[in-house]
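Step one of this worksheet: look at the structure below.
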Amino acid sequence: MFLEFKKEVEHLLKKALDNASYEYKELDLEESEHADISSRVAFFLARTYKKPPEIIAEDIINHLEIPAKNTLISNAVAAGPYINFYVNDSFLHKTLQRIKEGIETVERKRGKIIIEHTSANPDGPLHIGHLRNAIIGDVLARVLKRAGFDVETHFYVNDMGRQIGVVVWGAERIAFDETKKADLAVADVYIAANRLIEENTEFLNDVEELMRKYEAGDEAVVRKYEAVVKKCLSGIQASLQRLNIRHDLFAWESEFVRGGAVEEVIEELKQKGDIKFDGSGSGSALLLHLEGIEKELVIQRTDGTSLYTTRDLAYHRWKSGRCDRVIDIFGKDHELVSQQLAKGLQILEVKVPEFVIFAFVSLPTGSLSTRAGRYISADKLIEKIETRAYEEVDKRRKDLDESKKHEIARKVGIGALRHDMVKVSPDKHIVFDFDDALDIEKKGAPFIQYSHARACSILKVAEEKWQSLIQGYDTSLLHEESEIELIKKLSKLGYAIEEASSELKSHLIAKYARELAESFNLFYKDCPVLNTDATLRKARLVLVECAKIVLSDVLDVLGIEAPKEM
RNA sequence: GGGCUCGUGGCUUAGCUUGGAUAAAGCACCGGCCUUCUAAGCCGGGGAUCGCGGGUUCGAAUCCCGCCGAGUCCGCCA
């Protein structure tokens, strides 16, 4: 509802500026602690019209007319250089009405977006670095869906790298431990195979032959690869599922080679791009010059085989053809790749993807390294945090049975983990501290979930006592400050989603969720719901019901489950 | 060495794109609040020359330049 209010303010303010004959570029509207929305346009006009901004603000107010009816604005005043707008009772009433009736306030049908995230190499389990990628991507996908886009999530499967060649080679002589989780079993073979190869580097020739055969589409080799990659992916998917993350599509890079798409990209780049041939004798590598990037990009090896970035170009061209916007969640190490992709796609006249680049997660002991054993697997972290969450639940709720306690612990633990990862802006480097991550008590997610549980608890009691509880209510009875503040906060979910989706900033949702929970807790403390007279109780129950809806909505956008009790 | 990113109370962060109303939260710390809907909560308090130095501006955490510190990339790897 807040978005509608903002639109009306924009409309009236523009009209006032026109009436007063001011030329303006921006309305400079923003949320403010002094008003429901505030404009700083007078500052800007002060420069061009060489008058004090206070005078201009006053002048604008004099030309501003708030309609007598069908408006969401109660008042507009000049506060010095600022123009402040305030919502009216109708705004508050309509906000609750909309939420209760489940009417979406955001625009629909804004086009299709393909968002790629996680895309971990299928040579072992996910670690906390992948988790950051997966959670940022998943929340963003949820945000964009809410904002009205048709969203498809992709996991790009790097099945052509040397690592996978090593695993396939290893699997031919070392058996998978079938008692272990699939991705762990694959990692074991990968590590063991690496050791064998280190001892005898001649084995590398075998690996390379496998890779050549795979690229050429040798059927027996393809079957071996598929078995290994699928095995690993099944383990990865199981981990992601525990975090409420799923992908709509797994795109294998090898498909783009064997399907001919990579060859097409190379041919087209030869025609449209600035290409150099490098090498002599049997063949030559293809170097592509990219504007603004010093080093040429090698798009084909001397032996004619393909390279990672070229295959990625083919994948991106394919994606582009299937949607209106392409979004990639990449780690900081892929920043150069993202620039190369963008430039390459420009040459191919394909729309350029939007990138969300996130900084690394490191450990207090240094950067993550699977080979050095310096990493924390996603599964281990999930397991530990659920255990810690269980201890907290057990401490507080001796009355619940075991399965209930475990269910709550799972929701709280996963929620805490997701919230922790998403609350930080992607471009901030994270030093992961295990003890800190497990300190459930001081996490953001349980705070939000707790507010939801409180709301549910009130509604449950009301339902038991009075059944059809919310008939014939009058929300104009809600005029305590904490009630008004809560309603205003409720009205801003759509606004928060709009901000987060247009700027691709998932952490803004985490911020909104916290503020909403805070508003609810203030209301909870100030305003008794069950122990008050019937008419006021009905109105407050409507408010609680709406708060419950929006709290569970915002938790859903964050991919966090909303427990009914805690 | 060059490119990009980050540097905000003791700790973790928001705000920076688009400069403006006392720099905003959480954690930690100190002090209060459970005979009324779950205290994973609420109230109060102390604590920040917004990395350092310059510049632009009526006004800078925000824009520009330099420096320092951290991260990351600079393979016919992925």
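Here is the naming used below: chain letters follow the sequence lines, and residue numbers restart at 1 for every chain.
Residue A/Asp123 places no side-chain atom within donor-acceptor reach of the base of B/A78, judged by atom type and a 3.5 Å distance cut-off alone. Remark: the A/Ser425 side chain and the B/A14 base include no donor-acceptor N/O pair separated by less than 3.5 Å. A donor-acceptor contact under 3.5 Å is formed by the side chain of A/Asp278 with the base of B/C76. For A/Ser32 against B/A21, a side-chain N or O and a base N or O form a donor-acceptor pair under 3.5 Å.
Contact check, A/Arg311 against B/C77: no side-chain N or O comes under 4.0 Å of OP1 or OP2. For B/C42, the OP1/OP2 oxygens have a side-chain nitrogen or oxygen of A/Asn521 closer than 4.0 Å. In this structure, A/Arg47 does not reach the B/U57 phosphate: none of its side-chain N or O atoms is under 4.0 Å from OP1 or OP2. The side chain of A/Lys428 contributes an N or O atom lying less than 4.0 Å from OP1 or OP2 of B/A14. In this structure, A/Arg162 does not reach the B/A78 phosphate: none of its side-chain N or O atoms is under 4.0 Å from OP1 or OP2. Taking only side-chain nitrogens and oxygens, A/Arg396 comes nearer than 4.0 Å to OP1 or OP2 of B/A40. A/His334 has no side-chain polar atom (N or O) that falls below the 4.0 Å cut-off from OP1 or OP2 of B/C4.
Within the cation-pi definition used here (under 6.0 Å to the ring centroid, within 45° of the axis), A/Arg454 qualifies as a partner of A/Tyr524. Figure legend: A/Arg258 and A/Tyr214 shown as a cation-pi pair, the cationic atom lying under 6.0 angstrom from the six-membered ring centre and within 45 degrees of its axis. Both tests pass for A/Lys384 against the ring of A/Phe434: distance under 6.0 Å to the centre and angle within 45° of the axis.
In this model, no donor atom of one side chain and acceptor atom of the other lie less than 3.5 Å apart for A/His334 and A/Asp328. A/Asp59 and A/Tyr22 share a donor-acceptor pair across their side chains, judged by distance under 3.5 Å alone. Counting only N and O atoms by type, the side chains of A/Asn84 and A/Ser38 include a donor and acceptor under 3.5 Å apart. No side-chain donor-acceptor contact under 3.5 Å links A/Asn158 and A/Tyr308.
Residue contacts shown for A/Ile299 are absent, as no nucleic acid heavy atom lies under 4.0 Å away. Using a 4.0 Å heavy-atom criterion, one finds that A/Thr305 contacts no nucleic acid atom at all. Counting any heavy atom pair closer than 4.0 Å across all strands shown, A/Cys456 reaches no nucleic acid atom. A/Lys332 comes within contact range of at least one nucleobase, with a heavy-atom separation under 4.0 Å. As judged by a 4.0 angstrom heavy-atom cut-off over every strand, A/Val337 is placed among the base-contacting residues. Across all strands shown, A/Glu31 has no heavy atoms under 4.0 Å from either base or sugar-phosphate atoms. No engagement by A/Ser451 is indicated, since no non-hydrogen atom pair under 4.0 Å with the nucleic acid exists. Among the heavy atoms of the strands, none lies under 4.0 Å from A/Val461. Among the atoms of the strands shown, none is found under 4.0 Å from any heavy atom of A/Arg540. Contacts of A/Gln449 with the nucleic acid, taken as non-hydrogen atoms under 4.0 Å apart, are absent. Within 4.0 Å of A/Ala359, counting heavy atoms only, lies no atom of the nucleic acid at all. Among the protein residues, A/Gln300 comes within range of no part of the nucleic acid, since none of its heavy atoms lies under 4.0 Å from any strand. Counting any heavy atom pair closer than 4.0 Å across all strands shown, A/Asp399 reaches no nucleic acid atom.
Heavy atoms only, all atoms of each residue included: A/Ile448 and A/Ala517 are closest at CA-CB, 3.8 Å.
Sorted by first and then second residue, the pairs that involve residues 24-47 of chain A and meet ring-ring contact (aromatic ring centres under 6.0 Å, His included), not counting sequence neighbours, are A/Phe43-A/Tyr82.
Per the stacking criterion (ring centres < 5.5 Å, plane angle < 30°), A/Phe43 stacks onto the base of B/G20. Stacking annotation: A/Tyr82 is stacked on the base of B/A21 (ring centroids less than 5.5 angstrom apart, interplanar angle below 30 degrees).
Annotation: B/C68 and B/U18 have their C1' atoms spaced 30 Å apart (nearest Å). Rounded to the nearest Å, the gap between the P atom of B/G15 and that of B/G9 is 16 Å. Taking the P atom of each, B/C4 and B/G47 are spaced 40 Å apart, rounded to whole Å. Straight-line distance between the C1' atoms of B/C30 and B/G10: roughly 14 Å, to the nearest whole Å. Rounded to the nearest Å, the gap between the C1' atom of B/C50 and that of B/C74 is 32 Å. A gap of 11 Å separates the P atoms of B/A14 and B/C6, to the nearest Å. With P as the reference atom, B/G31 and B/G46 are 15 Å apart, rounded to whole Å. Rounded to a whole angstrom, the distance from the P atom of B/A61 to that of B/A21 is 10 Å.
Stem analysis of RNA chain B (at least three stacked-register Watson-Crick or G-U pairs, each with both distances under 3.5 Å) gives B:1-7 with B:68-74, B:10-13 with B:24-27, B:29-33 with B:41-45, B:51-55 with B:63-67.
Taking the six-membered ring where tryptophan is involved, the planes of A/Trp169 and A/Phe203 are tilted, since the angle between them lies from 30° to 60°.
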Which letter, B, S or -, goes with each nucleotide of nucleotides 27-33 of chain B from 5' to 3', with contact meaning a protein heavy atom under 4.0 Å?
S------
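Position along RNA chain B of the nearest nucleotide to A/Pro528 versus A/Phe447 favours A/Pro528 as the more 5'-ward residue. Where A/Val431 and A/Glu518 meet RNA chain B, the nucleotide closest to each residue was compared, and A/Val431 sits on the side nearer the 5' end.
The 12-atom threshold is not exceeded at NZ of A/Lys276, counting heavy atoms of other residues, nucleotides or ligands nearer than 6.0 Å. Heavy-atom contacts from other residues, nucleotides or ligands closer than 6.0 Å to CD of A/Glu503 number more than 12.
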